Amino acid sequence: MPLSRRELLRAAPAAALATSLSTRFAHARAPGDGMIVRMRQPMNLETPLADLTSNLTDNAKFYVRSHFNQPNIDLKKYTLSVEGHVEKHLELTLDDLKKMETVSREITLECGGNSRVFLIPQVRGLQWGNGAVGNAKWTGVALGAILERAKVKAGAVDVILVGADKGTITDPQSPGTIHFDRGIPLTKARKDECLLAWDMNDRPLPAIHGAPLRAIVGGWYGMASVKWLTRIIVTDRPHHAFWQTMEYSVWDRSGTLPQLVPLTQMQPKAILTSVGAHAVLPPGMIPLSGMAWAGEHAVAKVEISIDGGKKWTLARLTEKGRPFAWTAWKGEMKSGPSSIMVRCTDEKGRTQPATRDTDRRSYMINNLVPLEVSQQ
Ligand SMILES: Nc1nc2c(c(=O)[nH]1)N[C@H]1C(S)=C(S)[C@@H](COP(=O)(O)O)O[C@H]1N2
Ligand SMILES: [Mo]
């Protein structure tokens, strides 16, 4: 894709310094260009709201959430191992995978900690604004097809996805060096929305997003979509590793006593992308627009309030809501000092809570947040 004039102008000084690199990266902007840096090492980048306005998020503008540094993977030696509670232990090369039936799906990923900076009181973790979310078309093979090939044994419960990245976490303390991993129930792993992807938006999956192969677990918070996937372990008991107990877990009170359960489905959420916090608006009508998503379910409606939640008006969905991928919405307001809130309701009637439920710990953040604006 040729660079636009604006991109060329922006890239000019860097290109002059790196002539040897410029041929290699001629058509790619480095991840990080124009992104909000939440942590340098490991790399954690947030997408500016202005880059969340098109249906597909540009690969170079897609948020990055990494707990460890990007691993070095020798592509020539790369295999995916499928092991554990299966009849056939598989060692699949990328070629083996690419010979299988290819599937493509549009799926929105949102980090479990997205919008954390708005929580009062502040909680631990990266202080994301609303930009740890993005939508992409992922191409690869169905996870279910791999499981079928390995012939899962009766009594299997969880499918653990293991990344090549590893390290030690000190707060809370990990059991020494660990890999990033996630166990998902076999029933979810077999669903169509779970895939192993090597392409992102019809381009090779960028290294920082998990090349050569990543899992995509549609409808669930991002932590289940394991990057740099090297092992799939089928187990006959639930997986209780670090990443779904110490981290990425929430309190569940559906039983007799509260217990910690792994974070799973993304909650309904709408974000405003056309107006920033504390914007000083010109007089007249102000266009409002943004994105809304509801995990495994379709968005049914988006509403806007400009009086802090007393009165709500319907926004227009630019297309019919669909499960797994977000929907763009549009509305408008009369300029003036306002407290703007946007609210998404899904096809099941689930909507965004007005107040924060602390049982969600530092995750699943979809409570309504007023955005104060004033007029020139
Ligand atoms: N191997 C590995 N996979 C991972 C992670 C990680 O740190 N290591 N982070 C997870 C989290 S918390 C999120 S939100 C998504 C982010 O994917 P992205 O960086 O491609 O946006 O990847 C998930 N998969
Ligand atoms: Mo995440």
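Atoms within a ligand are numbered from 1 in the order they appear, just like the ligands themselves. In this text, all values refer to a predicted model and were calculated from it rather than measured experimentally.
In terms of the ring-ring contact (aromatic ring centres under 6.0 Å, His included) criterion, residue partners of Phe180 (sequence neighbours excluded) are, by chain and number, His67, Trp243. With sequence neighbours excluded, the residues forming a salt bridge (Lys or Arg N to Asp or Glu O under 4.0 Å) with Arg38 are Glu46, listed by chain and number.
Residue pairs that meet the side-chain hydrogen bond (donor to acceptor under 3.5 Å, both in side chains) test with at least one member in residues 133-148, sequence neighbours left out, are Asn55-Asn135, Ser104-Thr139, Glu106-Asn135, Thr108-Asn135, Lys137-Asp202.
Near ligand 1, residues Phe62, Tyr63, Val64, Arg65, Ser66, His67, Cys111, Gly163, Asp165, Phe180, His209, Arg214, Gly222, Met223, Ser225, Val226, Lys227, Trp228, Tyr248 each place a heavy atom inside the 4.0 Å sphere around the ligand atoms.
For the side chain to side chain contact (heavy atoms under 4.5 Å, CB included) criterion with Trp228, the lone passing option out of Asn72, Asp165, Leu213 is Asp165.
With hydrogens and angles ignored, the 3.5 Å screen pairs a side-chain donor or acceptor of Ser174 with a backbone N or O of Ile169.
Ring geometry, Tyr63 versus Trp128: the interplanar angle exceeds 60°, so the pair is classed perpendicular (tilted spans 30 to 60°).
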